Structures are given as structure tokens and as C-alpha cells.
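Below is one structure, written out as C-alpha cells, with a few remarks after it.
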Amino acid sequence: MKWTNSFIPTLKEDPAEAESLSHKLMIRAGLIRKLSAGTYNYLPLGTRVLNKVINIVREEMDGSGSLEVLLPALHPPEPWEQTGRLKDFGDIIFKIKDRSGKLNLLGPTHEEIITLLVSNEISSYRQLPVILYQIQTKFRDEIRPRFGVIRSKEFIMMDAYSFDIDEEGLEKSYRKMYKAYCRIFDRCGLSYHIIEADPGLMGGKGSHEFTCPSPAGEDLFIKCGNCNYSANPNFAPINEFGDKSSETPNSSLKPLKDILTPDKSSIEAVSKFLNVQPTEMVKTMVCRTPTGQIAVLLRGDHELNFAKLARLVSAPVVELSDEKTIEKVTGGAMGFSGPVGLSARGGPTGNIKIIADYSVLEMKNFVTGANKKDMHFLNVNINRDFKIDRSADVRIITEQDPCPSCGKRMLKIMTGIELGHIFKLGTKYSEALNACFLDEKGKRLPMIMGCYGIGVNRIIASAIENSYDENGIIWTNSIAPYQVIIISINPADKRIREVSEKLYQDLRANSIEVLWDDRDTSPGVKFKDADLLGIPLIVTVGKGLKDKVGGKVDIKYRSSGKKESIGVDKVLEHISSRVQGV
RNA sequence: CGGGGCGUAGCGCAGUCUGGCUUAGCGCGCCUGCCUUGGGAGCAGGAGGUCGCCAGUUCAAAUCUGGCCGCCCCGACCA
């Protein structure tokens, strides 16, 4: 492609609308332009990269034995009602009405639709297993789209779904996808972590996130510096009865005392006011479950992990109670809750359960709310001042905790971009939508499902977040929009034009993707744009042609910055050997 | 949805506090011509703006007031 025939609007300055690095560079290099918050136009260069990524995804999915399909983006609401997810997803789903007034959804994901399809068409164990995938636009009415294409309202997803006759089959399908995902991200040149994760709204029991570390990421994960264990903090168990840093060695139990704390309701405010550390305080969080209210006790500096709590009490969702309920349960104002006296109000072991995080067990003489406005207790102690129903691991892991896998205290909390997520679903959807098969004995059984998603647009943003310098993007060969860019220093010069043209045609004849910057503009502009675009090989045709020994052109490698001069007669072969085998 | 910020030419911004001194500016980009060609050249000429929208205050509004819309950031939320 000749630059003068293309449409590559580059910008000298950072756009005001962009904050994250990949977002700025994608706009500056002419890959994308915003249409509205959370929707983007892909320009020719961006589309080329997108297609490169899609091709890699498709090759690897096909290679894994999965079959490509294409499902509608427009969904009837009924299957979503059947699985309960119309309600669970809530406002995330775009809802539109057709001319007859019937509700339609824009698909945010396709478990329901694919399960319905398979349920109608597959009925025998002989037809299983099967893995179907598609590469298609998804719609999600995000609360806050951000970071350009990293979180947008409309995005391209590769979503795959496996159907098996038993758990063993699911395990095999899951491994296949796991491996295919690794190959896809490897080929795209991304660094990524594979993280044990919580299935969340998808349901099921077991999932892994593929996350690219980046400051523009919204996902937190923990990583062990010793054994490489990675997990979502919401998922990581804390295999320890307490945290040694909070031990109060041998201190005798001091007498319980109340103290006025006017308007000091947060841990931070009380900590300052009473001059005690948050680690010496216990916070009491009143939570609502389908079966009743729970008071959860946590050390002041810890955070409640709702997912763990939900699993503990076998509830689908656990939420914080509202202010009125809290006042009813504790008899005091919100922000001044505490465990002391709860027994009289239905605590152990009446209808209000008290659950203490393990770390609270080792605490002595701590501070809690007094269930009275503007009042706290000092020197509170378990068993002496109140009883608990049970202790458990219900908090979010911190960097100070031991690794769940190796036990060493070398955890780091990192941020990353979630590139892909794979789930073992089980029978949640097949049961709800009646996707069953007959086994060899003629017994009717629900199919065992897995689902697997990749954010295709996020691969592009992540690749840039992974690889750039102060001058622009540095593409890896496999997803670069072009392999080679030819800069003609002065296209009006006859010799330069002829040599450039011949090289351009020769490269094309050899199926090498080449962009020829044939613009009549000053050399600096072309060098800057070439760096900004990040094309791996930059070939400059200019004064090197006057070399005494014979005409030469210059090659610069974008990633290393290394330069070399090559004779005009050898340059085609030279470039071919660099570009092949990518 | 709560908090904060922004909206002036294709892009980046000044002007708004203190209404009139502007025919609404600057840099980049764009168009024409000349010139130049190894790291965002130079000279000359030129095009391009309902100052987000609506209403109000005023002799007078980019500037003050009210409402609305859009965009960005933080939070909550989210596969």
C-alpha cells in the first residue's frame, strides 16, 4: 500500500480524551477514532491489526478441533429468562423493542443461545463432545466504559462453548481450550499470567483468567514471587489461622470500657481519634443472606470477601445490609456496630449469626463499636465479652499474607488486563434449557458445559501496553499492520523513486506486507510516523544510493533500534529472510 | 448512580474569574505557489468557528444565571 493512497491520520500530540498509553497510541497512530463513549471506529490500520489477531485466534481454535459458527447478536428474551440471567445481568444488557413491541436483547454473551441450539440439534452421546466457537460483536451497557477499547460498550469477542457427556470429557475440553489460549497469546507476543479465578455470574466451579499485566488494567491479581502461583484476590484462600503480625504477646485481658467517639464511624476516623492502629480494631459488617442476617467480624485493616462468605453460607449472593436493617439488628446506629450484646438480640446461636474471620481469633483487647451512636468499646475480647457462631476465612488476601500454594510471604498484588477467561460451567445452562443427550444405556442426561472467551480488541491494546517506547508502538511481527515500511526520502528524485518502486513491487510479489511512504514531505515527518506506527522493519531509500561501492538502502529494526546498510541488489533477499518464519 | 473536571476551527490550547477594548485568538494540521529533502524545514498567500444546546439577565454574553446534552477521571458496579 502506498501511503498516498491510504488513510492513516496520525497525530503529533496526545489526544485530550485518552489517559492510558495504549489508548493514546491507538489514536495517534491512526488505528481508531472514537464515535461515542465506549464505541470506536477502526481505521484501515487498526482493521488490519484486528484481522491479524482474528486470524491467529481462528487458526488456533480450528487447530484445537473447535468448529466455527455465527450466532445472532439479536436475542429473544425467553432463554435469558429461563436461566435467570436477564435479571442477574440487569442493566448491562441492552434492551430494544421491535416494531410489534416485543422485547429483544443485544447479546452480551451467548451461553443461552448456543445451549438452545445444541439442545435442539444434538441428542445422542454419539454426537458429543463438540466445541463450537464464534468471533462476533458483543454488546454490554457498561456503567463506565474506559481506556479506549479496553472496556467498551461494543466489542469483538471470541466465545467458545464445549459440550461433553461427563466431567472427564469437560476436563479434556477445558485443557484443549487452555492450551489453545496459551498458543493464541504466545503468537500475539503477549506476556500474560494464568490466574485461578472465581466464576462469578457465569456459574460453575473452576475458572482461569488470562491476564496481561499493565497499569491500564482493571483486574487485580496476586502473584507469588516464590512459586509463581497466581490468583484473583477474591478467590485466593488464606491458609492460616490468623496473621502473626497482629499478635499481642501475653498481654492480660484488660477490663471492658466504653468511650465516646462523637461522629467517628469509620475505621480511619476512630483510629485517629483514639490513637489506635486499625490492626487493633475489629469491624463488624452486617450482611444479608437469603437465610438471614450475619454479623461478620474482621480486623480493621482487612476487607470482607463477599465471594468467600457466599460460598461459606451456601448463598448465591451476599450483600451488605441497608442502614435500617443494621439498626434493627444491632440496636445502634450504622458505623457503631459491634459484637458485644448481640447475643441478647438473637446472636449465638439465635437467628443472627456471628462469623469471625480467622485473623480476629488471635486479637486481644481490641476496639469495636458499642451498638450505640457515638460510642465504642475498648479492650473487647472474644468469649469473655461475646461469643461467635464460627470462624472462617472470609477476607480478601493481602500482600502480607502467606502464599496459598507455597506458604512463603512473597505475594504481590498486580493490575492487569483480562484477555480471556475460561470456565467449567457444568450443567447450569444445560439443565435450565433442557440440553440433554441419551447415553449408551438410553439414559437422559444434561450435557456438561464449558465456556471460553477472549476479548479480541483487548489483545491489541495489551500488545501496545506490553511493547512501546517514547516514539510509539513496537509491534510484534505476527500482528503488525505491515511487515515493512519503505521511506523514500525524496520521492521526486528519480533514482530514489525507481529503487523504492522496484523494492515495493518486489516485496509485494513475495507476499510481504509493505507500506510505502511515498509522501512528498520532509524526512523527519516520515521517520517520526514510521516509529509511531511501529512497523517492525523500516527501510530508508535515500542518500545511501550514492554509495561508491554500489547503491545501498538502510534498514532499521523498530524493536531493537539496530540499523544496517544493505546493497540494493541484496535487499529483497535480506528482508525476506527476516520476515519469514514469523 | 455519587464525587471531581472539561466542552472555543480537524487536533492541542488561550481568552471566561473582572460582560464592551477581538471583525473570537495562538500552535499544529489543511489548501495554493516558491523553495527544501537522512529525524516533526523555510517564505508568501489562503480556507476553516451557530464559542456544546436551549432559555434567561443586560444597551451589550464565549464571558453572568438556570436547565439540558456530551466527554474524561475517581468511586460504586462489572464477564
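Letters A, B, ... mirror the listed sequences (proteins, then strands); counts begin at 1. Just so we're clear, the structure is a prediction, and the values are computed from it rather than from any experiment.
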For the [atom1] atoms, the ones on [N] and on [M], what distance do you get once it is rounded to whole angstrom?
N     : M     : atom1 : result
B:C69 : B:C53 : P     : 15 Å
B:A9  : B:U65 : C1'   : 28 Å
B:U58 : B:G10 : P     : 35 Å
B:C35 : B:G45 : C1'   : 15 Å

Scan residues 516-565 of chain A for pairs that pass ring-ring contact (aromatic ring centres under 6.0 Å, His included), counting only residues two or more places apart or in two chains.
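For residues 516-565 of chain A: A:Tyr504-A:Trp516.
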Report the residues that fulfil side-chain contact (heavy atoms from CB on, under 4.5 Å) with A:Ala307, sequence neighbours left out, ordered by chain and then residue number.
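In terms of side-chain contact (heavy atoms from CB on, under 4.5 Å), with neighbours along the sequence ignored, A:Ala307 is linked to A:Asp198, A:Asn305, A:Arg311.
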Applying side-chain contact (heavy atoms from CB on, under 4.5 Å), name anything that partners A:Gln82, two or more places apart in sequence or on another chain.
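Only A:Leu433 meet the side-chain contact (heavy atoms from CB on, under 4.5 Å) criterion with A:Gln82.
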Just checking A:His23 against A:Tyr40, ring centres under 6.0 Å apart?
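Yes.
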CA sep, side-chain torsions, deciding dist, call: A:Phe210, A:Tyr178, ring pair (Phe, Tyr, Trp, His ring centres under 6.0 Å)
CA-CA 9 Å; A:Phe210 292 74; A:Tyr178 187 104; 5.7 Å; yes
If you assign A:Met157 and A:Lys563 each to the RNA chain B nucleotide with the nearest heavy atom, which residue ends up on the more 5' nucleotide?
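Nearest nucleotide further toward 5': that of A:Lys563.
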If each of A:Ser20 and A:Glu142 is mapped to the nucleotide of RNA chain B with the nearest heavy atom, which maps nearer the 5' terminus, i.e. the 5' end?
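Going by which nucleotide is closer to the 5' end, it is A:Ser20.
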Mark yes or no: A:Lys424 above the aromatic ring of A:Tyr174, with NZ or CZ under 6.0 Å from the six-membered ring centre and no more than 45 degrees from the axis.
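Cation-pi check for A:Lys424 and A:Tyr174: passes.
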Base-contact (B) and sugar-phosphate-only (S) positions in nucleotides 4-12 of chain B, heavy-atom cut-off under 4.0 Å, - elsewhere:
--------S
Lys/Arg N to Asp/Glu carboxylate O, A:Lys502 vs A:Asp506, below 4.0 Å:
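Salt bridge between A:Lys502 and A:Asp506, a charged N being under 4.0 Å from a carboxylate O: yes.
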Applying the side chain to side chain contact (heavy atoms under 4.5 Å, CB included) test to A:Ile474, which of A:Ser560, A:Ser467, A:Pro536 qualifies?
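Answer to the side chain to side chain contact (heavy atoms under 4.5 Å, CB included) test with A:Ile474 among A:Ser560, A:Ser467, A:Pro536: A:Ser467.
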Side chain of A:Pro523, heavy atoms from C-beta onward: which of B:G38, B:G39, B:A79 has the nearest atom to it?
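Nearest to the side-chain atoms of A:Pro523, counting from C-beta on, is B:G38.
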Out of B:C71, B:G38, B:C73, whichever nucleotide has its closest atom nearest the side chain of A:Asp554:
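It is B:G38.
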So which atom in A:Asp518 and which in A:Pro491 form the shortest heavy-atom distance, rounded to 0.1 Å?
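Looking at all heavy atoms of both residues, the closest pair is O-CG, 3.6 Å.
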Base, sugar-phosphate alone, or nothing: which one does A:Tyr452 contact when heavy atoms must sit under 4.0 Å apart?
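No contact.
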Protein-nucleotides 31-36 of chain B N/O pairs closer than 3.5 Å?
none

Please give, in whole Å, the distance from B:G38 P to A:Lys528 NZ?
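After rounding, the reported distance stands at 16 Å.
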Could you please spell out the steps behind the ring pair (Phe, Tyr, Trp, His ring centres under 6.0 Å) verdict for A:Phe221 and A:His193?
CA-CA 9 Å; A:Phe221 65 99; A:His193 296 282; 5.1 Å; yes
If pairing requires Watson-Crick or G-U wobble contacts with both distances under 3.5 Å, which nucleotide is the partner of [N]?
N     : result
B:G45 : B:C31
B:G70 : B:C6
B:G12 : B:C26
B:A61 : none
B:G75 : B:C1

Does A:Lys12 place a side-chain N or O at less than 4.0 Å from the phosphate oxygens OP1/OP2 of B:G29?
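The answer is yes; a side-chain N or O of A:Lys12 sits under 4.0 Å from OP1 or OP2.
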Please confirm whether the shortest side-chain N or O distance from A:Arg144 to OP1 or OP2 of B:C74 is below 4.0 Å.
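Result: yes.
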Below 3.5 Å, does any donor atom in the side chain of A:Asn490 face an acceptor in the base of B:G38, or the other way round?
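Counting by modelled atom types and ignoring angles, no donor-acceptor contact under 3.5 Å is found here.
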Under 3.5 Å donor-acceptor pair, A:Arg151 side-chain atoms to B:C78 base atoms
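Present.
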Interface with RNA chain B, restricted to residues 455-466 of chain A and to heavy atoms under 4.0 Å:
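When residues 455-466 of chain A is checked for heavy atoms under 4.0 Å from RNA chain B, there are no hits whatsoever.
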Within a strict 4.5 Å, meaning less than it, do heavy atoms of the A:Ile489 and A:Val541 side chains meet?
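No, every pair of side-chain atoms sits at 4.5 Å or beyond.
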